[in-house]
> 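Got a structure here, written out as structure tokens. Questions coming.
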There are 2 protein chains.
Amino acid sequence: MNSAPAHDEPSCSIAASLDIVGDRWTILILRDSFRGLHRFDEFRRDLEIPRAVLADRLRRLVDAGVLVKRQYSEHPPRDEYRLTDMGRELSPILVGLMQWGDRWLGGPDGPPTVLVHEPCGTEVDLRFHCGACARDFSPLEIASRR
Amino acid sequence: MNSAPAHDEPSCSIAASLDIVGDRWTILILRDSFRGLHRFDEFRRDLEIPRAVLADRLRRLVDAGVLVKRQYSEHPPRDEYRLTDMGRELSPILVGLMQWGDRWLGGPDGPPTVLVHEPCGTEVDLRFHCGACARDFSPLEIASRR
DNA sequence: GGGGCTGAGTTCATTCCCTGAACCTAGTCG
DNA sequence: CGACTAGGTTCAGGGAATGAACTCAGCCCC
């Protein structure tokens, strides 16, 4: 029955991504995962998120393949949640949010966290890069083609 | 060295950004703005979003400075919503969502939309670039420092 | 000069989800 | 034994989302 009517968003990758990560708590959980938090109670204490919501979001993220649930202790049984490669590749979105907040909403203290290229330790940021022009360019120069 | 993060998140740019764009409908409205939709009814028809929610989200985005409301016709009085520079600089987030969806959730047809560097028309994508190493690198190589 | 149309909303009843508190289970510690 | 921790589930309530109906202003047409 797939006549794919126009108003049904069949093939928008942004909408598809939002079905998985289009929720405030979900993004904050992922942010904490990147920061090195992995356990239910670590998330709960850091975010002050209701337990039921946290359990739900973790379940969805595991179902989607963004996190894996792993037992890190058998006796007592204890679980932790770790980013998969699929989850780790969400970093540009987190970085985008961070840089935009730094630039447009930042307090006078400057950015509380900076990003580095792990192998060399150099501070970096996220840029659009054009191979043809051999240069980085501003977000204002981007356009889309179907 | 990692002192316990205050449960009050005063200075997290990600959380600050989410206060403005951390909502599914908001992101979809912005996606449509980048696509060239500007009017209330264009958004409403494309997204099938309830009118009350659309009015609320547009109001918030205007209040935040992401969109501006402009009269494009005096008689009859008609308004449109346009991205400000602040809004246009959200593109890395949208692009991040799009590329992640393309890569991990993509259908067999490939990406429905590609991005080009407007001045030269070349297809681009969003990459981390390290000036010190003089190369692009994968999201998996990123790390954060306080 | 009435009827229908468009754009841009507001109001309202219902439904749904988030929230916070309490409770549960398994295991460990003193 | 009783207290404590980790990782949840259950439940009442409140607030936001939803869809339908309504408003209002102006234009279009006959």
Side-chain angles (χ1 to χ4, degrees), chain A residues 5-9 15 18-33 35-64 66-83, chain B residues 4-5 7-9 15 18-33 35-64 66-83:
Chain A
H7 61 275
D8 195 36
E9 305 286 347
L18 290 176
D19 285 340
I20 297 175
V21 297
D23 171 86
R24 195 191 151 77
W25 283 126
T26 299
I27 297 284
L28 291 173
I29 290 165
L30 292 170
R31 179 202 64 182
D32 278 5
S33 297
R35 277 189 189 167
L37 306 191
H38 303 295
R39 315 224 286 251
F40 191 92
D41 265 34
E42 288 176 336
F43 292 126
R44 197 183 57 76
R45 274 194 285 266
D46 185 62
L47 300 176
E48 298 189 289
I49 179 176
R51 294 160 180 280
V53 176
L54 178 56
D56 176 77
R57 294 301 186 279
L58 291 171
R59 203 177 305 127
R60 286 170 193 265
L61 287 170
V62 169
D63 288 350
V66 172
L67 297 178
V68 271
K69 186 175 184 169
R70 274 196 345 205
Q71 200 169 60
Y72 68 88
S73 154
E74 200 169 343
H75 241 55
R78 292 286 185 267
D79 298 313
E80 65 180 4
Y81 296 86
R82 295 225 165 231
L83 290 162
Chain B
H7 57 279
D8 194 35
E9 305 283 350
L18 289 176
D19 285 340
I20 297 174
V21 297
D23 170 87
R24 195 192 152 76
W25 284 127
T26 300
I27 297 284
L28 291 173
I29 290 165
L30 292 169
R31 179 201 64 181
D32 278 6
S33 296
R35 278 188 186 167
L37 306 191
H38 303 294
R39 316 223 287 250
F40 191 92
D41 264 35
E42 289 177 333
F43 292 127
R44 199 185 56 76
R45 272 194 287 268
D46 185 62
L47 299 176
E48 298 190 288
I49 179 176
R51 295 160 181 282
V53 176
L54 178 57
D56 176 78
R57 295 302 186 276
L58 290 171
R59 203 168 13 234
R60 287 170 193 265
L61 288 170
V62 169
D63 288 350
V66 172
L67 297 178
V68 270
K69 186 175 183 170
R70 275 196 345 205
Q71 200 170 57
Y72 68 88
S73 155
E74 200 168 341
H75 241 56
R78 291 285 185 266
D79 299 313
E80 65 180 3
Y81 296 87
R82 296 226 165 230
L83 290 163

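Just so we're on the same page: letters track the sequence lines, and every chain starts at 1.
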> Side chains of B/Tyr81 and B/Arg70: donor-acceptor distance under 3.5 Å anywhere?
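Checked: B/Tyr81/B/Arg70 side chains show no N/O donor-acceptor pair below 3.5 Å.
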> Is B/Glu42 salt-bridged to B/Arg44, going by a charged N under 4.0 Å from an acidic O?
no
> Round to the nearest Å and state the distance from A/Lys69 atom NZ to D/dG7 atom C1'.
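Going from NZ in A/Lys69 over to C1' in D/dG7 covers 8 Å.
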> Closer than 4.0 angstrom, basic N to acidic O: yes or no for A/Asp32 and A/Arg35?
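Yes.
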> In whole Å, what is the span from the CD atom of A/Glu80 to the P atom of D/dG7?
9 Å
> Apply side chain to side chain contact (heavy atoms under 4.5 Å, CB included) to A/Ala55 and list each qualifying residue two or more places apart in sequence or on a separate chain.
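For A/Ala55, the residues satisfying side chain to side chain contact (heavy atoms under 4.5 Å, CB included) (neighbours in sequence not counted) are A/Phe40, A/Arg59.
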> Rounded off to whole Å, could you give me the CZ-to-C1' distance for the A/Arg24 and D/dA16 pair?
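Going from A/Arg24 (CZ) to D/dA16 (C1'), I get 15 Å.
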> To the nearest angstrom, how far is B/Glu42 atom CD from C/dT6 atom P?
14 Å
> Determine: side-chain N/O of A/Tyr72 to OP1/OP2 of D/dG7, distance under 4.0 Å, yes or no.
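So the side-chain polar atoms of A/Tyr72 do come within 4.0 Å of the phosphate oxygens OP1 or OP2 of D/dG7, strictly under.
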> Does a salt bridge link A/Arg31 with A/Asp46, judged by any charged N lying under 4.0 Å from a carboxylate O?
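Salt bridge: yes.
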> Taking CZ from A/Arg45 and P from D/dC4, how many angstroms apart are they, rounded to a whole number?
15 Å
> Closer than 4.0 angstrom, basic N to acidic O: yes or no for B/Arg39 and B/Asp79?
no
> Looking across every strand, which nucleic acid part, if any, lies under 4.0 Å from B/Phe43 by heavy atom: base, sugar-phosphate, or nothing?
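Touches nothing.
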> Rounded to the nearest angstrom, tell me the gap between atom CG in A/Leu54 and atom C1' in D/dG8.
10 Å
> Spell out protein contact along nucleotides 16-30 of chain C as letters: B when the base is contacted, S when just the sugar-phosphate is, - when no protein heavy atom is under 4.0 Å; keep the 5' to 3' order.
--SBS-B----SS--
> With the side chain of A/Asp41 defined as its heavy atoms from C-beta on, choose the nearest nucleotide among D/dG8, C/dG7, D/dA6.
D/dA6
> Round to the nearest Å and state the distance from A/Phe40 atom CZ to D/dA6 atom C1'.
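For the pair A/Phe40 CZ and D/dA6 C1', the rounded distance is 9 Å.
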> Expressed in angstrom and rounded to an integer, what is the separation of B/Arg44 atom CZ from D/dG19 atom C1'?
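The answer, rounded to whole Å, is 11 Å.
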> Look at the side chain of A/Asp23 and the backbone N and O of A/Thr26, then say whether any donor-acceptor pair between them is shorter than 3.5 Å.
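Yes; judged by distance alone, with no hydrogens or angles, the pair exists.
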